[in-house]
Amino acid sequence: MRVLVAALVLGLCAVCTSARLQDWRSDEALWRSAAVVASASPRPALNLAVALQRRSADVDAAAWAQRAARLADTRSDVVAGGKAHQLLTWIALTSPSPCVSSAPC
Amino acid sequence: MLIYAPSLAGDFVYEDARADGTATPMPLLGARRVLEPRWLTNASFAWTTALWHAGPRAARTVSLAWHLLNGLLLWAVARRVVTEAAAVVAVGLYLLHPLQIEAVAAVAYRSELVVASALLLALWCADRGWLIPAFLCALGAVLGKPIGVMAVALVPIWLTWHRSPRWTETARVYWLAASFPVLLLVLDQARIWAWATPETVGRTVAAAVALTARVLVPVRLSIEYDAGAWSPVLIAALLILLAAALETAWRRGWRPALLVAAWIGVSLLPRIVWQIGDGLHDHYLYVPMLALSVAGASVLFPHTEIA
């Protein structure tokens, strides 16, 4: 019986580990999962925005940067808020897409 | 380790840039810099780059191999304390638990693997009565990262837990005397860090309790947790729960639970007292998982005996 329980526990660990490893494929996957778990924290949203911007997904990056800025304002997190606004400015200046302004496209 | 095979193809993530071996050019046998903190961690990055290549696949393969090595060392140590079946289960838990992913898949946190290796070697030596080599190995955990010095305090906890006949009163006195200058050195270094306030201590301890709870229910794991969202009421409730659990364990003599509490407390003490970093992450539990795995396995296979 104990052997069965041990095998079940180890099997569950293996399944959870295998599933969790999918989040470690890239920065984007990692911070997307973090943004779900820590949905009220600005840092995961900001880091996801950075990862998306590196991939030139400027529209999504801008959306997440705006979310990060809102969350930072809620938390009075001046550092994260500053970085979020900096990123938004950078995307607005460098993105070829017309859909990265604060207004919906 | 087929479970971890998919992670070998991933990119460098988050803080892995620090693992770029080309950024820390170091002679393979740089004796002059051997004894500085993090030497072994940084050297492993440089060696991987020099002997293999600088990409994420090589770095993650080395980390995975190191994780397997720690599993073998844990088996060698645990089988002297619990039954063979429990030792096997402990190793399985240690290698396969989802909380271990962060220390293994994120190359930047290889320092945790190095600290665990040094600690396991120290435990292996201590179990055989080789206390001077054990002390040197525990001290060698600093070659992984500076906080690894807490390994010096973890070895006597282990020896006391399983009532090692090697841990005589004389050995205890000599160990404490030798630990004193080490702790003075750590305190000296601590002047560069911020001292904690009662609020940060409470918040960090509560975060540690929540992180430890993820050992039992490893779902919604994340590279970052949002302890800032916790209310003082929730933090106070978690602390009361922790105190009640410890008091119950003490009264009933639940030695595995006390071992786990002591290991986690000592391992995380620098972060609780000196506010190192912001928040707690999964990889901080890589060393405490050594005790958690053995304690968990000993609950499942409860007969303990000293070899």
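Here the structure is a predicted model, which means the values were calculated and not measured.
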B:Leu221 vs A:Val37, test: side-chain contact (heavy atoms from CB on, under 4.5 Å). Steps then yes/no. CA-CA 7 Å; B:Leu221 299 181; A:Val37 173; over 6 Å; no
How long is the straight-line distance from CG of A:Asp23 back to CD of B:Glu102, given to the nearest 0.5 Å? 11.5 Å
Looking at [X] and [Y], what are the two nearest heavy atoms and their distance?
{"X": "A:Asp27", "Y": "B:Phe12", "result": "OD2-O, 4.4 Å"}
{"X": "B:Phe301", "Y": "A:Arg2", "result": "CE2-CB, 3.8 Å"}
{"X": "A:Leu10", "Y": "B:Gly92", "result": "CD2-C, 3.4 Å"}
{"X": "B:Glu224", "Y": "A:Trp31", "result": "OE1-CH2, 3.9 Å"}
{"X": "A:Ala6", "Y": "B:Leu300", "result": "CB-CD2, 3.5 Å"}

What part of A:Val9 lies closer than 4.5 angstrom to a heavy atom of chain B: side chain, backbone, both or neither? side chain
Could you look at B:Gln100 and say if it's the side chain, the backbone, both or neither that has a heavy atom under 4.5 Å from chain A? neither
Does any heavy atom of chain A fall under 4.5 Å from the side chain of B:Ala106, the backbone, both, or neither of them? both
Pick from B:Ile101, B:Val89, B:Leu99, B:Leu93 with the largest number of heavy-atom pairs that fall under 4.5 Å of chain A: B:Ile101
So among A:Leu12, A:Leu21, A:Thr17, which one has a side-chain contact (heavy atoms from CB on, under 4.5 Å) with B:Pro98? A:Thr17
